[in-house]
Amino acid sequence: MAKLYVEAVPPADLNKNTEWFMYPGVWTTYILILFFSWLLVLSVFGCNPGTAWTVVNLVHFAITYHFFHWKKGTPFSDDQGIYNNLTWWEQIDNGKQLTRNRKFLTVVPVVLYLIASHTTDYRHPMLSLNTVAVIVLVVAKWPNMHKVRIFGINAGNRVAVHGY
Amino acid sequence: MVRLPYLTALTTLFSYGLLFAFGQMRDFFRKLIDWSKSKGKDLKGYAPICLGLEDFYTRRLYLRIQDCFSRPIASAPDAWIDVVERYSNDHNKTLHRTSNTTKCLNLGSYNYLGFAAADEYCTPLVIESLKKYSASTCSVRVDGGTTNLHSELEELVARFVGKPAAILFGMGYVTNSAIIPALVGKGGLIISDSLNHNSIVNGARGSGASVRVFQHNSPSHLEEVLREQIAEGQPRTHRPWKKIIVIVEGIYSMEGELCNLPEIIAVCKKYKAYTYLDEAHSIGAVGKSGRGVCELLGVDTADVDIMMGTFTKSFGSCGGYIAASKEIIQYLRYTCPAHLYATSMSPPAVQQVISAIKVILGEDGSNRGAQKLASIRENSNFFRSELQKMGFEVLGDNDSPVMPIMLYNPAKIPAFSRECLRRNVAVVTVAFPATPLLLARARICISASHTREDLMKGLDVISKVGDLVGIKYFPAEPPKHVEQDKKTL
């Protein structure tokens, strides 16, 4: 197979926690991981495809909610904590809203929801779980929710950032 | 600009995802086990030193391959170097030194002109100055720490670099991080290249000025940023900026690329911004007589406002300098804290730089300087072209003695490093956070003291290890004699 090459220009994003998302191949890797995890669930549990998609949707909800919208800060200390109050979703693209990456990440849970509800024929317990998952994820990604902490949940400690 | 196969990009992202997932799982179980053990017995009321997420990268990714970094050495960093062997009993969490050493080919030290080991002209003079001035001046420059060696070196550096005056500092990193706050403060603007060294980033953060970044080596983006910033002015008040400084490096140490200096200087002159050139890796190593990237690219030194360099790389010593006009140097002498409060450079180190510069200029009476400069240029070009013929992805421009070989996948970093060490070649591998997450690389530094046999051995080992690890991303050029045999058949 002829090797397809891509060019990767290092982007001028200073936040090392999010700049990996601007490289080529990220979207494809994300979609391939979802697809292969569906195959994995099918082969491990031996259930019907609809239940497998529901499982993938719910696990995807748990993981992406935890890492994109709950965990704050960066996994290394080089940037001296200037992002300590921002979740990963609020950090990407330097806080600019409605970029291509953000639109892609908002569409993926919706597409997963459509696939999951279609393959389960919109039956009762799965449909409500899937709907809850997609509503929470899409609302969390709205531009108006930037830096909003409902009822102070996850507001974290008010550590004074020694800045200027 | 790097070109990588698409499949490699996918697998690298997937590998990092897997490492991240495993790290999170281990953290989760660690939290469970610790929660049942003891609940905060001595930490009552005190904040934790690290918030839970901050040292995740260090604990779960870096410590796994810790034996590839910080290897202790037991000799001078010449072309061959003694590396101390280490072992670990708990999967690399702690490493213990043994008393055995292995002699390895040194492809990792910044020994561009070969002054790192004993030199026939420099070392006797250094020993003499050690006996006369002792190992330390035990004083600050302004108190009693300026010997006549220091003054001689400042004049010599200014003459070598081509500027009216120069000032010395004891440490290269400190030169950047203490000078930039002295030059620009609140109300000023610093525009720095996106791949600038950490010392410049720290200096810029510590200065209090606003910092903007322009895309690496692109004069058009620099012009865009300059126009936008000059039009907008200071944040919130929109008053004009007090001064604008553009900071670039001569050779970027992680890419091996030369700076696009003539165009960048032209853009800065058009918009009346000051320029600061960090020649840490290029002074003494490039250019016909070793005077750095200005000589190589034909830029007049009067056009660059401030030229900074270090003595660690090409001169085999330690410390840094700033060369600029007499007024700027005089101003720095009474404002820069590294001059007012930090101990001055050690006298034998100063003598080493003086002798090294004299050798490079040919003032010691021999032509060893010219030989060394020719040798490093030939060695670097030979090594780089051979590596590219073998199919490796090598970054960097021609004539640059720094050549990174791209690895990408996180698993290939320890594989490459350990396999090379097993075959007695010492290389330096660089991963996150010194480089972007996906672009891990092994960085080779060529020296003038490498002979042709050393380079052939290095190429042989790297080729074998490259096949083993799978980093020959480009098709290799077939060797010429095979095609001739086919034609005769």
Side-chain angles (χ1 to χ4, degrees), chain A residues 1-34 36-37 59 62-64 66-67 70-88 94 156-160 162-164, chain B residues 1-14 16-18 20-21 23-24 47 50-62 186 193-195 198 201-202 205 207-216 218 221 225 254-255 408 432-439 473-475:
Chain A
M1 179 182 115
K3 281 193 173 181
L4 316 159
Y5 290 99
V6 286
E7 294 204 335
V9 183
D13 183 2
L14 287 181
N15 182 359
K16 294 205 164 175
N17 190 20
T18 57
E19 53 114 36
W20 61 271
F21 208 73
M22 305 210 193
Y23 280 95
V26 178
W27 292 8
T28 317
T29 310
Y30 187 17
I31 296 176
L32 284 178
I33 291 181
L34 286 175
F36 280 114
S37 54
V59 170
I63 294 181
T64 52
H66 180 75
F67 287 115
W70 188 264
K71 275 275 177 210
K72 295 190 292 203
T74 52
F76 35 80
S77 49
D78 282 351
D79 51 14
Q80 299 171 349
I82 43 183
Y83 300 112
N84 268 354
N85 285 332
L86 297 178
T87 62
W88 190 85
N94 272 328
N157 310 322
R158 288 304 184 98
V159 180
H162 12 269
Y164 348 95
Chain B
M1 181 90 65
V2 292
R3 291 176 63 211
L4 61 155
Y6 196 55
L7 199 57
T8 308
L10 296 181
T11 51
T12 311
L13 285 164
F14 178 71
Y16 272 108
L18 197 64
F20 186 76
Q24 291 287 340
C50 275
L51 299 177
L53 193 56
E54 248 177 28
D55 54 348
F56 175 80
Y57 174 77
T58 313
R59 273 181 298 119
R60 296 299 174 198
L61 272 75
Y62 176 80
K186 205 157 180 292
D193 190 289
S194 65
L195 295 179
N198 190 264
V201 173
N202 263 332
R205 277 205 196 129
S207 67
S210 309
V211 183
R212 297 281 177 274
V213 163
F214 71 96
Q215 263 171 24
H216 174 61
S218 111
H221 192 243
V225 171
M254 287 302 154
E255 276 74 33
Y408 302 116
F432 190 80
T435 62
L437 187 67
L438 302 179
L439 305 179
Y473 295 116
F474 290 150

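Every chain is numbered from 1, with letters handed out A, B, ... down the list of sequences.
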| Step by step, would you call A:Thr28 with B:Tyr6 a side chain to side chain donor-acceptor pair (under 3.5 Å)? | CA-CA 10 Å; A:Thr28 317; B:Tyr6 196 55; 2.6 Å; yes
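- In this structure, chain A has a heavy atom under 4.5 Å from the backbone of B:Thr435, while its side chain stays farther away.
- Using a 4.5 Å cut-off between heavy atoms, B:Leu10 contacts chain A through both its backbone and its side chain.
- Contacts of A:Leu32 with chain B are made by side-chain atoms alone, with heavy-atom separations under 4.5 Å and no backbone atom involved.
- Using a 4.5 Å cut-off between heavy atoms, B:Tyr16 makes no contact with chain A at all.
- Note on ring orientation: taking the six-membered ring where Trp is involved, the planes of A:Trp20 and A:Trp88 are tilted (angle from 30° to 60°).
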| Residues B:Phe56, A:Thr74; criterion side-chain contact (heavy atoms from CB on, under 4.5 Å); working and verdict | CA-CA 9 Å; B:Phe56 175 80; A:Thr74 52; over 6 Å; no
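- Only the side chain of B:Phe20 comes within contact range of chain A, judged by heavy atoms closer than 4.5 Å.
- Remark: of the listed residues B:Leu13, B:Thr11, B:Leu4, B:Leu4 is the sole one forming a side-chain contact (heavy atoms from CB on, under 4.5 Å) with B:Tyr408.
- Across B:Leu437 and A:Glu19, no two heavy atoms sit closer than the pair N-OE2, 3.4 Å.
- With a threshold of 4.5 angstrom between heavy atoms, A:Tyr30 does not approach chain B through any atom at all.
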